[in-house]
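A quick write-up on the structure given underneath.
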Amino acid sequence: MKKLNGGFYPPQYTVFLSRKGEGCYVEDVKGRKYLDFASQICSNPLGYNHPAMIEVVKEYSFTAPVKVAGQDFFIEEHVRLLEELMKITPKSINSGFLINSGAEAVENALKICYKFTGRRLGVGFENAFHGRTLGALSFTKSKKLYYEGFPLLDSVTIEFSEQGAERLEKVLSENKAAFVIIEPVQGEGGYNIPTMKMMKTVRRVTKKYKVPLICDEIQSGMGRTGEWWAFQHFKIVPEVMTSAKALQVGAVLANKKMFPESGVISSTWGGGHRIDLAMAVAIIRTIKKEKLLKHNKRMGKVILGMLKELEEQELLINARGLGLMLAFDLPTKKARDEVVKENFKRGLLTLGCGEKSIRVIPPYIITELEAAEGIEIITQSLRKVLKQ
Ligand SMILES: Cc1ncc(COP(=O)(O)O)c(C=O)c1O
């Protein structure tokens with residue numbers, strides 16, 4: 001794998017997954033079972049081999065090609081997913097463009113805003129992560145490693161804080177911006193949750209200067225935080241939003257009037273992967289049927305309570321979360337990396353984020369017992385690494 005995969009850089013451990021797994025547990029190729037607190041970086045909301053997902057796989061088992069040129073040759077799965085998405089987005093967002101990945105969704109959100117406004121400057125936030133394609137990369141600030149050495153688009157970067165939001169007013173009054181792009185809860189950059197005041201200010205000033213607001217919901221969206229979209233916690237509505245990961249395909253969603261003329265945005269396979277599209281519909285319907293938004297809110301509180309207890313015991317710092325998008329900090333990056341490694345050794349999959357944080361992002365179907373099992377492993381790892 002190291003030789004064959006040009007992009008090879010696993011987290012603090014290397015795991016080779018088999019196809020076996022059930023619920024929140026997955027097996028590696030050697031038959032070792034892991035409890036999953038990483039959810040394939042938020043892209044596996046229903047866990048492993050959920051009956052609704054198996055149903056889709058069965059339905060398409062004798063279908064070829066699975067991928068069609070979805071922007072030129074239409075298929076019913078494409079329409080069905082757009083219809084489902086429109087049921088869970090604000091009324092003003094009535095149209096969507098489906099694409100292959102998260103970064104491509106961001107890329108196209110930017111293009112839509114450049115064309116719509118005829119402007120060239122984009123505004124983003126410190127610690128943001130929007131993907132690694134060149135446009136998205138221009139607004140990805142979480143690690144220098146990602147963007148240093150590449151030609152980037154014109155941008156202004158402001159602090160992800162209430163002060164930053166205040167400064168945004170000055171930036172927008174002095175510059176003609178094409179968009180402001182924000183993650184309503186920052187993901188890769190450290191699971192940073194903004195205050196209500198910050199998000200309200202961002203929305204107020206973008207409206208005042210008629211600058212489209214793009215909410216990047218690729219990690220925080222599709223129900224993870226207990227609302228379909230994290231921006232709903234802040235009672236705001238953006239002009240443009242992106243989704244991917246838990247949706248299985250990339251999506252840019254906006255009012256139809258914002259989309260450019262035919263041909264400006266497209267991609268051979270965009271909206272053309274039958275299984276992914278059908279899986280996305282099944283995931284949305286299952287989240288509704290199993291009332292997982294409510295469950296995520298409740299389980300988020302339960303797990304946050306457990307993390308806060310560990311914080312009281314001084315085993316971790318800054319426990320935080322919105323629904324099942326949770327994280328905590330260690331004193332150093334080294335300690336964080338060691339805890340992630342220890343978790344793995346003890347049978348728990350976790351991922352880092354930010355400088356010294358660990359994400360707690362289990363599948364939406366997690367039970368209290370499984371939550372307690374995972375937190376117990378984290379406690380043991382923390383005790384070992386911090387020698388307490
Ligand atoms: C908020 C956000 N935007 C964009 C992306 C890029 O998505 P992808 O990795 O599918 O290109 C990610 C991926 O982690 C993300 O978290």
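For clarity, every value in this text was computed on a predicted model and none was experimentally measured.
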inquiry  = Between Glu368 and Arg298, does any side-chain N to carboxylate O distance fall below 4.0 Å?
reply    = yes
inquiry  = Taking the ring centre of each residue, are Tyr191 and Phe328 less than 6.0 Å apart?
reply    = no
ask   = Is a side-chain donor-acceptor pair under 3.5 Å present for Asn100 with Ser267?
value = yes
key: Lys/Arg N to Asp/Glu carboxylate O, Glu27 vs Lys33, below 4.0 Å   = no
key: Cationic N near anionic O, under 4.0 Å, Asp337 to Lys341   = no
remark   = In Leu324, Leu35, Asp36, Asn296, the residue satisfying side-chain contact (heavy atoms from CB on, under 4.5 Å) with Ile366 is Leu324
message = Check this for me, if you would: do Lys384 and Glu342 make a salt bridge, where the nitrogen-to-carboxylate-oxygen distance has to be below 4.0 angstrom?
response = yes
query = Ring centres of Phe179 and Phe139 under 6.0 Å apart?
reply = yes
ask   = Are any of the side-chain nitrogens in Lys143 or Glu148 under 4.0 Å away from the carboxylate oxygens of its partner?
value = no
message = Any donor-acceptor pair under 3.5 Å linking the side-chain atoms of Glu126 with those of Thr157?
response = no
ask   = Any salt bridge between Asp28 and Lys20, counting N to O under 4.0 Å?
value = no
ask   = Can a salt bridge be assigned to the pair Glu84 and Lys288 using a cut-off of 4.0 Å between side-chain N and carboxylate O?
value = yes
inquiry  = Taking Lys334 first and then Glu338, would you say they form a salt bridge - that is, a charged N and a carboxylate O separated by under 4.0 Å?
reply    = yes
